[in-house]
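The structure appears right after this line, and notes come after that.
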Amino acid sequence: MNSLKDKSLQFSVEDPDNPQNFPRNLFIWRNNLIGSSAKGHEYFLKYLLGTKNGLFAEEDCPNRPEEIKWREAAELDKPDGAASGKLDLLIDLDFRMASSALYADVVLPTATWYEKDDLSSTDMHPFVHPFQAAVDPLWEARTDWEIFKTLAKKVSEVAKEANLKPYHDVVAMPVQHDSEGEVAQPEGKVRDWSKGECEPVPGKTMPGLIPTELDFTKIYEKWIALGPGVSQKMGSLSMTWDSQEEYQEIAQRNGTIQNKDYISYGMPSIFDAKQAADAVMGLSTTTNGKVAVKAWQSLEKETGVGNLTRLAKDRENERFTFEQVAVQPQATITSPTFTGSNQNRRYTPFTTNIEELVPFRTITGRQSFFLDHEMIREAGETMATYKPILDYLPIKNKIGGTKEITLKYLTPHNKWSTHSMYFDSQQLLTLFRGGQTVWFNEKDAAEIGVKDNDWVELYNHNGVVASRAVVSPRLPRGVVYMHHAQDNHINVPGSKISGTRAGTHNTPTRIHMKPTHMIGGYGQLSYGFNYYGPTGNQRDMYVVARKMQEVDWLED
Amino acid sequence: MKIKAQISMVMNLDKCIGCHTCSITCKNVWTNRQGAEYMYFNNVETKPGIGYPKHWEDQAKWKGGWELKDGQLQLRSGSKPERLLKLFYHPDQPELDDYYEPWTYDYETLISSKRKNHQPIARPRSLITQKRMDIKWGPNWEDDLADGESARQDYNLKQMASDITLEFHDLFMKYLPRVCNHCLNPACVAACPSGAIYKRDEDGVVLVSQDGCRGWRHCVPACPYKKVYFNWKTNKAEKCIFCFPRLENGLPTVCADTCVGRLRYMGVLLYDMDQVKDAASTPDKGQIYGSVLDILQDPNDPAVIRAARKAGIPENWIKAAQDSPVYRMVKEWKVALPLHAEYRTLPMVWYVPPLSPITRRVEADVFLPEVEDMRIPLAYLAELFSAGNVPVITKTLQRLLDMRLVMRAQETGDPLPRRLEYDVDTYKAMYRLMGIAKYKDRFNIPAGTQEKSREKLNQLQGSCGYTCPGGC
């Protein structure tokens with residue numbers, strides 16, 4: 001703590017351009033990062049991958065950060081500098097040769113939905129769906145489960161050969177949602193320990209500091225077993241309950257690890273995917289009635305609201321198994337983990353808050369429309385507020401030389417793809433224009449001499465998109481639509497402006513960090529992984545649109 | 001009276017979201033092969049639009065369907081001698097570009113690309129010539145009014161005496177899924193010089209005999225819906241077969257089965273074959289729809305049942321006709337209409353016309369608009385579904401609105417309007433079938449007339465196996 005206080009020890013985020021702090025290895029799994037979800041596509045190409053990109057942005061930062069170390073361009077441009085290619089190794093698990101795979105160092109061909117056993121669920125509906133292998137994975141492909149298991153085994157082997165000792169580290173963890181951390185910063189006042197405004201107290205005035213031990217030689221042994229972390233107690237949100245019975249039941253059902261040399265000897269096996277699915281459903285409040293009842297009891301105790309247990313009591317004897325959900329997807333058991341109720345009715349959030357008076361997980365315990373955190377007040381957003389598009393130039397100097405028009409750039413979801421998934425399918429592309437499209441209002445298009453199906457370029461300081469134009473009366477003036485996550489490895493030419501392959505829907509974008517999203521430790525405004533925290537807001541952009549002067553496919 | 005049975009379909013356009021799942025599943029099952037790449041037995045169009053193939057509704061161009069000449073029904077493509085003269089050269093053929101040139105991509109370049117200066121790219125390649133191509137048109141080019149200029153070329157818009165400009169302020173659109181209509185008076189059958197196209201006796205499915213087809217292609221322009229296609233590989237005509245192998249097993253077509261919006265219904269209609277010609281010859285095109293309703297027979301009428309039995313229609317078909325969702329919507333409730341009845345082919349695929357959002361602000365306490373207030377002009381829907389007869393489309397939409405009024409009143413207790421056409425139980429039944437019907441309610445298909453086909457199968461028993469590898 002003293003080292004942090006006197007700054008002899010610092011967080012890596014304080015010096016992101018230091019090569020020691022670069023991300024070096026990246027696995028992409030169940031995602032198409034490059035070319036689809038990477039907000040600010042060209043920045044990813046340049047800074048993360050260090051490859052050809054269409055970025056125009058000059059370093060232009062009149063207000064330099066005070067708490068982040070600023071390194072000058074000359075230093076960034078050094079061979080191992082931050083200006084290009086921070087990443088050493090990109091590994092992509094995919095069954096499509098989509099853009100992430102194109103840019104990856106290693107592609108691990110993975111099984112499709114019909115070649116593996118898996119579970120799917122969400123809090124948007126009350127069902128658990130199975131994936132079942134109808135056929136084995138084709139060619140070299142393996143299931144995700146098998147790929148990671150293979151990697152775990154190999155890493156363990158190599159670690160043993162290299163005689164790697166356990167590695168000790170300290171992980172900083174944000175003040176957590178649904179923990180005592182929610183009252184860590186009373187009255188929504190931020191005091192900065194690094195400026196001496198308060199004492200640094202992990203989990204209260206600063207992130208929690210969690211010591212960890214990584215024994216690379218034992219990754220595989222641990223990977224194939226359900227570990228001791230859930231053998232005694234389990235919890236979700238702020239609830240906890242005894243899990244010994246479930247742990248034993250899973251051991252019975254799945255069998256245990258038999259190898260006496262393994263650290264996981266005697267623990268329940270999750271060697272194959274079906275076993276893992278059964279372990280999940282044995283522990284979950286939504287698929288094991290006994291667990292649900294215990295969780296409700298915990299919530300009763302925690303909130304003082306009585307008579308909640310009955311919501312799951314009638315299904316206490318149910319315990320979903322993979323075999324059962326494989327016969328038919330099943331409606332889940334009403335669980336305090338979610339606020340919907342599955343009691344013979346349609347599922348909708350906040351039902352138990354309203355009907356059972358379970359307090360909302362907010363600072364007031366009620367629905368909160370008014371937010372009084374000091375950063376929210378400063379931003380003028382204590383009540384829901386309309387904020388207009390950020391008013392800035394799309395680029396300092398327009399290219400010119402032909403008619404151009406500046407338009408708001410919107411990226412709604414696509415009709416025949418789920419993000420980029422399926423976008424490269426020949427049949428689905430045949431249903432429309434066979435590649436990327438940008439929708440224009442007819443009068444806007446006429447202003448720059450663009451007709452339906454003409455090639456157009458859209459650019460701003462973040463890069464250039466080349467696409468076919470759709471000229472439609474369905475759009476109001478002043479905006480263009482470029483449907484979200486159209487992959488640019490299909491039918492996209494080069495751009496004369498950038499001199500390389502034109503980009504994706506995320507090329508004209510970059511992330512804007514919204515300061516109020518970084519509030520933590522204050523009731524519902526507390527960080528939860530994939531739940532609440534800073535979002536990568538990349539929309540609200542302007543682009544300059546023009547007719548493409550010359551189509552060059554850049555196949556060299 | 002000569003009773004025939006027809007498997008018929010209703011599409012409730014109020015529920016179509018334009019997802020094209022029907023097109024894709026149909027393509028995967030039937031036309032995903034060489035020579036058939038450009039064919040969509042089932043396609044979905046955004047209307048207004050010129051459609052697929054381009055301008056298919058313009059019969060001045062294609063001469064499809066029938067017309068009345070001196071009160072007599074005649075193919076628009078001419079009398080028999082006139083058509084004989086065109087036997088070797090038929091000038092009204094659609095060409096590939098009227099549909100679109102099908103393509104695929106050089107996907108392989110993504111996998112086996114050499115080290116390059118720029119990101120590799122999969123470019124389109126023609127499935128016909130195998131050469132590089134620029135994509136200029138597709139089977140759904142006009143999706144969601146994508147191309148305003150072509151939307152304004154819509155044939156029906158031009159027939160309307162109004163100044164719809166299709167600008168942002170007066171926009172409207174709807175989806176139109178289309179399959180072969182398996183017409184009672186099919187022009188393709190009449191036009192075939194080889195007699196290769198026939199309407200199946202037992203269920204009315206219209207089929208092209210692949211053995212009989214000589215590739216004259218007279219069926220292609222003759223079909224006013226442009227739902228007969230020419231396979232460039234086999235030189236034979238092909239068309240939607242209503243998934244007859246599925247029908248024969250009591251299953252609905254693939255397009256109907258996979259429809260996400262559950263907007264398709266299938267069932268049996270009984271009609272009087274003796275009156276088909278008269279119905280098709282109804283002088284006023286706006287009255288053809290009414291004439292067709294007249295030849296559809298009440299399956300519960302003892303006289304009709306007797307006649308059906310006499311005509312050899314099996315009991316399970318009569319039973320299915322009595323419990324047919326299609327009969328209910330088409331004849332009992334009169335909420336489903338034929339597409340372009342003026343072509344006089346008597347199509348057996350029916351459409352429940354779509355309601356649409358209101359265009360202008362109505363009184364604050366009016367929760368349901370009048371039909372005239374809706375965004376899609378009545379005259380436009382009339383061009384599509386009632387041969388220009390606006391009162392017919394108005395009445396049909398009013399029935400759909402009344403259903404909503406009645407169902408709403410069940411919850412609110414509001415008084416019902418006096419002008420209701422049907423009794424409350426009828427509207428409730430309409431709501432059940434059109435709103436929440438399950439699979440078994442939407443499809444009631446008697447499993448084939450298997451008396452004959454079983455016999456054939458029995459003969460085949462034991463003939464497959466070790467003795468004739470590779471097929472029998």
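Note that this is a predicted model, so its numbers are computed, not measured. Convention: sequence-line order gives letters A, B, ...; per-chain numbering from 1. The figures that follow rest on heavy atoms only: side chains count, while hydrogens, waters and symmetry mates do not.
- Each of Tyr105(B), Phe168(B), Trp141(B) has some count of heavy-atom pairs under 4.5 Å with chain A, and the biggest count is that of Trp141(B).
- Contacts between Gln427(A) and chain B at a heavy-atom distance below 4.5 Å involve backbone atoms as well as side-chain atoms.
- Side-chain contact between Thr430(A) and Pro102(B): absent, with no pair of heavy atoms (C-beta onward) separated by less than 4.5 Å.
- Between Ile24(B) and Trp416(A), the closest side-chain pair of non-hydrogen atoms is not below 4.5 Å.
- A salt bridge links Glu555(A) to Arg123(B): at least one charged side-chain nitrogen sits closer than 4.0 Å to a carboxylate oxygen.
- With a 6.0 Å radius and a threshold of 12 heavy atoms from other residues, nucleotides or ligands, Arg96(A) has its CZ atom above the threshold.
- Contact of Leu45(A) with chain B is not made at all, since no heavy-atom distance falls under 4.5 Å.
- Atom CZ of Arg246(B) is surrounded by more than 12 heavy atoms from other residues, nucleotides or ligands within 6.0 Å.
- Using a 4.5 Å cut-off between heavy atoms, Arg132(B) touches chain A through its side chain atoms alone.
- If you tally non-hydrogen atom pairs under 4.5 Å between each of Thr51(A), Ile490(A), Val551(A), Val470(A) and chain B, the highest count goes to Ile490(A).
- Between Glu149(B) and Lys451(A), the closest side-chain pair of non-hydrogen atoms is not below 4.5 Å.
- If you take CG on Asn491(A) and CD1 on Ile121(B), they are separated by 7.0 Å, rounding to the nearest 0.5 Å.
- Ranked by heavy-atom pairs under 4.5 Å with chain B, the first of Thr437(A), Val107(A), Asn441(A), Val471(A) is Val471(A).
- Checking Gln119(B) against Tyr103(A) by side-chain atom types alone, a donor-acceptor pair falls below 3.5 Å.
- Considering NE2 of His489(A) and OG of Ser113(B), their distance stands at 12.5 Å, rounded to 0.5 Å.
- With a 4.5 Å cut-off on non-hydrogen atoms, Asn488(A) touches chain B through its backbone and its side chain both.
- Counting heavy-atom pairs closer than 4.5 Å to chain A, the top-ranked of the candidates Ser150(B), Ser23(B), Cys19(B) is Cys19(B).
- Between Asp144(B) and Arg474(A) a salt bridge is recorded (basic side-chain N to carboxylate O distance below 4.0 Å).
- Ion pairing between Lys114(B) and Asp556(A) fails under the 4.0 Å rule for side-chain N and carboxylate O.
- Atom CH2 of residue Trp553(A) and atom NE2 of residue His118(B) lie 14.0 Å apart, to the nearest 0.5 angstrom.
- Counted within 6.0 Å of OH on Tyr481(A), heavy atoms from surrounding residues, nucleotides or ligands total 12 or fewer; the atom is thus considered open.
- Taking 4.5 Å as the limit, every side-chain heavy atom of Asp147(B) sits out of range of all side-chain heavy atoms of Ser472(A).
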- Could you give me the CA-CA distance, side-chain angles and deciding distance for Arg468(A) and Asp134(B), then say whether salt bridge (charged side-chain N to carboxylate O under 4.0 Å, His left out) is met? CA-CA 11 Å; Arg468(A) 293 282 195 180; Asp134(B) 252 357; 3.4 Å; yes
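- If you measure heavy-atom distances from Leu102(A) to chain B, the contacts under 4.5 Å come from the side chain alone.
- In terms of non-hydrogen atom pairs under 4.5 Å with chain A, the most contact-rich of Thr21(B), Asp106(B), Asn140(B), Asn28(B) is Asn140(B).
- Between Lys443(A) and Glu167(B) a salt bridge is recorded (basic side-chain N to carboxylate O distance below 4.0 Å).
- Surrounding CD of Glu140(A) are at most 12 heavy atoms belonging to other residues, nucleotides or ligands under 6.0 Å away.
- Counting all heavy atoms, side chain and backbone alike, Pro473(A) lies closest to Arg152(B) at CB-NH2, 4.0 Å.
- Between the side chain of Asn453(A) and the backbone N or O of Ile135(B), at least one donor-acceptor pair lies under 3.5 Å.
- Within the 4.5 angstrom heavy-atom criterion, no atom of Arg477(A) approaches chain B.
- Heavy atoms closer than 4.5 Å to chain A are found in both the backbone and the side chain of Leu110(B).
- Using a 4.5 Å cut-off between heavy atoms, Trp103(B) contacts chain A through both its backbone and its side chain.
- Side-chain atoms of Tyr107(B) come within 3.5 Å of backbone N or O of Asp424(A) as a donor-acceptor pair.
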- Item | Arg433(A)/Asp143(B) under salt bridge (charged side-chain N to carboxylate O under 4.0 Å, His left out): CA gap, chis, key distance, verdict | CA-CA 9 Å; Arg433(A) 302 292 177 92; Asp143(B) 191 68; over 6 Å; no
